[in-house]
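Throughout, a chain's letter reflects where its sequence line sits, starting with A, and its residues are numbered from 1. Computed from a predicted structure; not experimentally measured.
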Amino acid sequence: MTQSDHPLLKGLTPPQREAVMHAGGPMLVLAAAGSGKTRVITRRIAWLIQSGAAPWSIMALTFTNKAAGEMRERVTELILGPAPEDADPESPRFVRGLTVTTFHALCARLLRRYAEEANLPGVKPDFTIYPTSDQLAIIKQAVKDADLSTTNWAPRSVLSAISAAKNELVTARQYEANAVDFYHKTIAKLYAAYERGMHRAGAVDFDDLLLLTATMLRDNASIRGACQDRWRHLLIDEYQDTNKAQFEIARLLAGDGRPADELADMPGVEADTSTRTGPDICVVGDPDQAIYGWRGADLSNILDFETQFPGARVVKLGQNFRSTAPILGAADTLIKRNKQRKDKPLFTDRDGGERVTAVLCRDEHHESNLIADWFTNLHENAGVPWREMAVFYRTNALSRVMEESLRTARIPYVIARGTAFYEREEVRDALSYLRVVANQADDVSLGRIVNKPTRGLGKTSLDRIALLAGREGLPMFEALRRAPETGAAPGAVKSAARFVQLIDDWTGAGSFMGASVSGTLAELVGRVIDESGLSAHYRKVANASGAESDEERLDNLDELVSSARDFEAEFDPLADPIADEADPLDMDAPFDPDAEAPAVPVPPLLAMLRAFLESVALVADADATDPDQGAVTLMTLHAAKGLEFDAAAMIGLEEGLLPHSRAFESEAELEEERRLAFVGITRARKLLHMTSARYRTVRGATERTIPSRFLSEVGTDHVVTSDQSDAWDDVDQTTDQPRERSYDRGAAVRGDLDRVREQRRQISATASDLAREEYPEGCTVRHPQFGEGRVMRVMGGQHARAVVRFASVGEKTLVLEYARLRRVR
DNA sequence: AGAGGCAATTTTTTT
DNA sequence: AATTGCCTCT
């Protein structure tokens with residue numbers, strides 16, 4: 001078989017092949033948007049394995065779980081072949097020992113495994129990962145303790161200062177040493193206090209995961225050595241988004257590479273030995289898609305790669321296989337405006353394709369209706385599946401109006417907000433209980449649930465107990481045990497004892513790892529939700545008001561149990577980068593893709609709980625996009641990176657939104673905004689709509705807007721612009737009030753004004769019929785506040801109304817347009 | 001102690 | 001508009 005016939009090289013361009021086959025040593029793949037970057041990485045991993053590299057010697061790092069999951073899946077298919085139809089979902093297919101994960105998840109695992117050995121200050125293996133909201137709680141306390149006002153020292157900005165420092169690998173001590181003025185000295189003080197608070201709670205934050213891992217690898221030769229011995233091949237995706245800490249981790253993991261002779265027997269490799277030195281680190285990225293400068297990403301990591309890894313091979317992938325020529329043309333014209341940029345070709349060999357459209361709309365409702373109609377049209381007339389459509393926006397707030405329009409148009413949609421579920425009050429409460437179970441020093445979580453549902457532990461008593469905790473340097477939970485000493489009210493003391501007993505029951509009084517607490521993770525989660533009184537609490541509320549939100553809360557708690565069950569079922573101990581501890585891999589055995597996975601001892605419940613909480617802490621918004629869903633996807637431009645759709649809409653192209661007003665100050669940030677727009681444009685395969693609204697209501701105030709500079713910067717060769725913002729008079733001149741906002745939406749897309757006017761005349765006439773059709777008398781509906789009710793009467797006219805009799809509040813007359821009614825059953 | 005109401009305030013993006 | 005925090009009332 002000649003090389004080019006190799007199945008892993010099939011259909012690849014010469015530069016893609018070069019990257020896949022690269023013999024080893026540092027390599028930088030500059031991959032333009034849509035140039036088959038993921039393909040190259042996955043094929044390279046498969047290539048390495050087929051060339052004799054052990055799967056467990058390969059590590060691929062991504063930024064989101066979703067990207068990691070997809071990569072893992074694609075490598076599995078390349079190695080094991082496509083999944084059989086009758087595949088047992090219970091026994092997941094995976095390439096044993098291969099590490100494909102996110103930076104953060106890798107760091108979490110490494111820290112749990114090595115924190116004790118490395119003797120990192122304040123980090124125990126049972127650490128909790130604090131999300132931003134919990135970080136803020138610690139900072140707020142630190143600000144208060146320092147007798148500063150949270151007005152002058154907004155926790156949010158203090159946090160970003162600390163975070164920025166951590167991303168630069170600056171510790172609290174170093175920060176203090178460098179602080180010269182009052183501001184920096186104060187931040188230094190707060191940084192130190194924050195660290196103390198985190199240590200006390202046994203918590204680390206997202207930045208710590210990276211910082212501590214980098215420090216650990218740097219300062220501890222034996223741990224570094226162990227990692228370098230294990231992972232000989234390192235691949236990093238989206239390298240343009242790495243920050244200094246991530247660069248350090250990559251550099252330390254890559255080490256100095258292996259002796260050249262280890263590579264000598266790789267088949268299909270050119271006899272070019274000059275490239276066979278240095279660490280086998282392969283990074284893939286595109287400087288034009290760098291959009292995370294604000295969280296410390298450092299473009300010099302990719303720009304200076306050749307300096308940092310001497311002798312690096314550079315492969316450029318410029319040919320785009322994704323988008324039509326007009327879309328690429330628009331993207332290219334736009335990105336050329338950036339001054340801080342190495343120009344690189346972006347080309348396709350395909351002709352044709354529809355031009356990009358830019359539409360200036362009247363307001364955000366017009367805008368979202370326009371998109372909804374476009375989608376409907378594509379779906380019904382062009383047969384484009386819903387899942388091939390997406391809406392991108394700069395800020396999450398823009399999703400709301402879009403949702404409304406999609407709902408009205410009965411278009412199925414999903415919002416890519418992976419974290420949303422875990423941010424819900426009831427879910428956070430349940431997780432807080434679980435986190436206290438996993439780590440009893442977690443004071444922030446404890447504080448949230450110690451009296452929820454209320455169990456007679458009020459502020460006064462808790463303050464007294466907190467005093468004891470502060471005096472003796474105890475975690476709150478320990479202080480609760482000693483409540484009798486605090487002189488708290490007898491009732492409160494009793495409550496404290498009951499609470500302590502509750503937690504102790506779940507943990508087997510600290511003997512968690514023993515056999516005293518058995519069962520599955522899902523059982524534990526269910527038990528905690530139940531015995532904590534949370535479910536009873538919400539059930540009571542739900543029964544009392546019948547409101548949707550409370551029923552929903554119960555459902556969400558159930559869903560948390562199911563997600564625990566799923567996690568347990570899918571938990572793959574061998575996918576764990578440190579699995580070799582629990583189940584030593586036979587490093588010398590030849591890799592056999594068909595070998596049965598060995599029976600792995602079920603991890604103890606506590607380990608499972610920690611792994612579950614960790615996975616929950618590390619979910620990304622982008623993880624929530626599910627390509628199998630038959631639904632339009634709504635997401636931020638940031639979450640869109642790495643994805644592609646047949647038809648995409650970018651909304652809110654206005655000065656202040658995209659580019660965002662916070663970026664006006666600096667040229668560098670403006671260029672990042674431009675890259676963000678570039679990322680959005682290049683997500684579209686065939687059709688792209690860009691819209692801007694003449695008026696937009698933000699935080700309750702309607703403002704006149706200015707169309708984004710990017711709309712003109714995409715040029716006119718590939719883009720058709722139409723101004724529909726004044727296609728009709730929407731304001732009644734006599735009262736200066738807006739008239740009912742209705743227009744023919746299909747016609748608006750086509751810009752057919754006569755039809756618009758005709759349709760408008762008809763709309764009010766048919767409104768009542770439509771309303772009756774949608775809400776026939778006697779049907780049951782649900783209102784977000786009032787709960788379920790029965791429709792008694794429907795009235796038409798300009799603002800169709802319905803009289804609804806609610807169980808909770810009696811009869812109400814609701815304007816259908818505004819009352820977010822939903823039919824039940 | 002705890003719930004509910006009112007006022008103030010708003011990081012844009014995320015692991 | 002919506003969330004969050006503070007304060008009052010029961």
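In this model, a donor atom of one side chain and an acceptor atom of the other lie less than 3.5 Å apart for A:Tyr130 and A:Asp442. For the 3.5 Å distance criterion, the side chains of A:Thr705 and A:Arg696 fail to qualify, holding no donor opposite an acceptor.
Mapping A:Thr64 and A:Arg394 onto DNA chain B via the closest heavy atom, the residue that lands nearer the 5' end is A:Arg394. In terms of position along DNA chain B, the nucleotide closest to A:Thr460 lies nearer the 5' end than the nucleotide closest to the other residue of the pair A:Phe103 and A:Thr460.
Straight-line distance from the CG atom of A:Leu657 to the C1' atom of B:dT12: 9 Å, rounded to whole Å. Note: OH (A:Tyr393) to C1' (B:dT12) measures 13 Å, nearest angstrom. Between the P atom of B:dT12 and the CD atom of A:Glu655 lies a distance of 17 Å, rounded to the nearest Å. Following rounding to the nearest Å, A:Glu423 (CD) and B:dT14 (P) show an atom-to-atom distance of 10 Å. At whole-Å resolution of the value, NE2 in A:His104 and P in B:dT14 are 13 Å apart. Taking atom CZ of residue A:Arg696 and atom P of nucleotide C:dA1, one finds them 15 Å apart after rounding to whole Å. In this structure, A:Arg424 places its CZ atom 13 Å from P of C:dT4, rounding to the nearest Å. Rounded to whole angstrom, the span from the CG atom of A:Leu136 across to the P atom of C:dT3 amounts to 17 Å.
Evaluation of A:His660 against the base of B:dT12 yields a stacking contact (centre distance < 5.5 Å, interplanar angle < 30°). You cannot call A:Tyr292 stacked on the base of B:dT14; the centres under 5.5 Å and planes under 30° rule is not satisfied.
Contact annotation: A:Asn396 side-chain N/O to B:dT13 OP1/OP2 distance is under 4.0 Å. Taking side-chain N and O atoms only, A:Arg455 has no distance below 4.0 Å to OP1 or OP2 of B:dG2. Of the side-chain N and O atoms in A:Asn451, none sit less than 4.0 angstrom from OP1 or OP2 of B:dA1. Between C:dG5 and A:Lys140, a contact under 4.0 Å exists linking OP1 or OP2 to a side-chain N or O. Residue A:Thr132 has no polar side-chain atom (N or O) positioned under 4.0 Å from OP1 or OP2 of B:dT14.
Comparing atom distances between the A:Thr454 side chain and each of B:dT14, B:dT15, B:dA3 picks out B:dA3 as nearest. Set against C:dA1, B:dT15, B:dT13, the side chain of A:His638 has B:dT13 as its closest nucleotide. Taking every side-chain heavy atom of A:Ser461 into account, B:dA1 is the closest of B:dT14, B:dT15, B:dA1. Closest contact between the side chain of A:Phe206 and the listed nucleotides B:dT14, C:dG5, B:dT15 involves B:dT15.
Among residues two or more places apart in sequence or in another chain, the ring pair (Phe, Tyr, Trp, His ring centres under 6.0 Å) test is passed with A:His660 by none.
In this structure, A:His104 has its ring center no closer than 6.0 Å to that of A:Phe63.
Between A:Arg394 and the choices A:Glu672, A:Glu655, A:Glu673, the salt bridge (charged side-chain N to carboxylate O under 4.0 Å, His left out) rule is met once, by A:Glu673.
Residues A:Arg694 and A:Asp363 are not paired through a salt bridge, judged by the lack of any N-O separation under 4.0 Å between the basic side chain and the carboxylate.
Using P as the reference atom, C:dT4 and B:dT13 are 14 Å apart when rounded to the nearest Å.
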